[in-house]
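One structure below.
Predicted, not measured: the structure shown is a model, and the values here were computed from it.
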Amino acid sequence: MTALPMAALVRRFAAGAGLTALALVLLLAAGTGEVRLALFGGLLALALLGWAVAFLRCVARQVAGFTDELCRTLDGMLDRSARPAPAAPAETLSARLHHRLERLYHTMEANRQAVEREKASLETLISNIAHQVRTPVANLRMLYDTLLARPVPWAQQRQFLQAAQGQLDKLDFLLQALVKTSRLETGLITLEKRDRPVADTLAAALNTVLAPLEAKGLRLTVDCPEGLTLPHDPKWTAEALSNLLDNAVKYTPPGGQVAVTVTPWDTLVKIDVADTGRGIPEGEQGAIFQRFYREAAVHDVEGVGLGLFLTREIVTRQGGYVKVSSAPGQGATFSLFLPRG
């Protein structure tokens, strides 16, 4: 059913009311035989009809003005050039509508800002990935161009191939870390907390760093209470601990020490991973958990800056948190806190 314009409705109302008044005059004249009375009744009906038409035209103008203002407000909201004008504090239809438009405006602005933040985050992520990939790809291209451009003795070929293997390992590590991070952030993987022994999770994390730890001649100490259990996701918690242990091994000089201490509290379990490495300046400690962040002083050490970011994501999604305590030249202690309930 098609809605009629207000002007057409007014014309139809006037025509219908006029015909009704004419019919009443004729019926009154025929029934009473008093022509003057019928004419007086007709004039009264026409006067009432005039007032009704005038009232409807006034309402039509009010509705048209209100509709135009509403359209301008909505256009301004869509173009981000205006917000709804404040309505008078009265219980009127206009005030109620403006109140809801104001709520809609704030919701739209919040959504726009969230989209802009996500867009900026995505652009930064793509830029960081491109930066991380550019160096190993350039190194691989240089190695293979050298091998193809001129004869190279076998011993040097072996060195080139070993260097290429290192660059491929870096790319593989980067891709795996990105996949893990994205799967966590997008909810494709949900952490399943189960009451499991802390020692088993810690052993799984330690197994990933035993070889490099022995190669550097580092001393490892572990202090974990026997029989301590904790509701946590064993696989992902081991991943978080493995990242902390890997950093401790990488940034501790040969002959240093890595210490792991598990301390049960009333509501939390604290897991410390301490090293005797170079330490972290206080000004850097707030940024080390950011994605792809690496201190300028450690760019010569292998890494892509995703380990601590992934660790914080894993721990946070289990209701815990991570903190760092460090000073230059005094090593670093990363403390992982997980709730016991």
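In this structure, Q165 CD and L143 CG are separated by 12.0 Å, a value rounded to the nearest 0.5 Å. Here K323 contributes atom NZ and T333 contributes atom OG1; the two are 10.5 Å apart, rounded to the nearest 0.5 Å. Between H232 atom NE2 and L338 atom CG the span is 7.5 Å, to the nearest 0.5 Å. The CG atom of D246 sits 12.5 Å away from atom CG of L241, with the distance rounded to the nearest 0.5 Å. The CZ atom of R194 sits 12.5 Å away from the CG atom of L230 when rounded to the nearest 0.5 Å. With rounding to the nearest 0.5 Å, the separation of OG1 in T252 from CG in N247 is 9.5 Å.
When side chains are defined from C-beta on, V322 counts as touching F289, because their heavy atoms get closer than 4.5 Å. Within the 4.5 Å cutoff, side-chain heavy atoms of L308 are placed close to those of L244. No side-chain heavy atom of C224 sits less than 4.5 Å from a side-chain heavy atom of V260.
Residue F337 shares its hydrophobic cluster (ILVMFWY side chains chained together at separations under 4.5 Å) with W265, L268, Y321.
T221 is linked by a side-chain contact (heavy atoms from CB on, under 4.5 Å) to R219, Q257, A259, counting only residues two or more places apart in sequence or in another chain. The side-chain contact (heavy atoms from CB on, under 4.5 Å) check on A240 picks up T311, I314, V315, L336, with sequence neighbours excluded. Remark: T208 pairs with S242 by the side-chain hydrogen bond (donor to acceptor under 3.5 Å, both in side chains) rule, at least two apart or across chains. Taking the salt bridge (Lys or Arg N to Asp or Glu O under 4.0 Å) definition, one finds that K270 meets it with D272, sequence neighbours left out. Remark: P225 engages L228, V262, P264 in a side-chain contact (heavy atoms from CB on, under 4.5 Å) (not counting sequence neighbours).
Heavy-atom minimum distance, N207 versus L210: OD1-CD1, 3.7 Å. Of all heavy-atom pairs spanning A332 and I280, the tightest one is CB-CD1, 4.2 Å. Nearest heavy atom pair, residue V273 against residue A248, reads CG1-CB, 4.2 Å. Across all their heavy atoms, T237 and D233 have their closest contact at OG1-O, 2.7 Å. Contact detail for A205 and A238: the closest heavy-atom pair is CB-O, 3.5 Å.
Note on R317 versus E313: salt bridge recorded, some NZ/NE/NH1/NH2 to OD/OE distance being below 4.0 Å.
When atom types are taken as modelled, the side chain of Q285 and the backbone of S326 share a donor-acceptor pair closer than 3.5 angstrom. Judged purely by atom type and a 3.5 angstrom limit, D275 has no side-chain atom pairing as donor or acceptor with the backbone of G331. Between the side chain of Q318 and the main chain of K193, no donor-acceptor pair closer than 3.5 Å is present.
V222 and V198 fall within the same hydrophobic cluster, defined by Ile, Leu, Val, Met, Phe, Trp and Tyr side-chain heavy atoms under 4.5 Å apart, directly or through other members.
By the neighbour-count criterion of 12 heavy atoms within 6.0 Å, atom CD of E282 is sparsely surrounded, having that number or fewer from other residues, nucleotides or ligands. Heavy-atom neighbours of Q156 CD from other residues, nucleotides or ligands within 6.0 Å: above the threshold of 12.
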* Asked: For R340 and T267, what are the C-alpha separation, side-chain angles and deciding distance, and is it a side chain to side chain contact (heavy atoms under 4.5 Å, CB included)?
  -> CA-CA 5 Å; R340 302 190 70 172; T267 59; 5.7 Å; no
* Test side chain to side chain contact (heavy atoms under 4.5 Å, CB included) applied to N243 and F334, step by step -> CA-CA 11 Å; N243 291 332; F334 285 87; over 6 Å; no
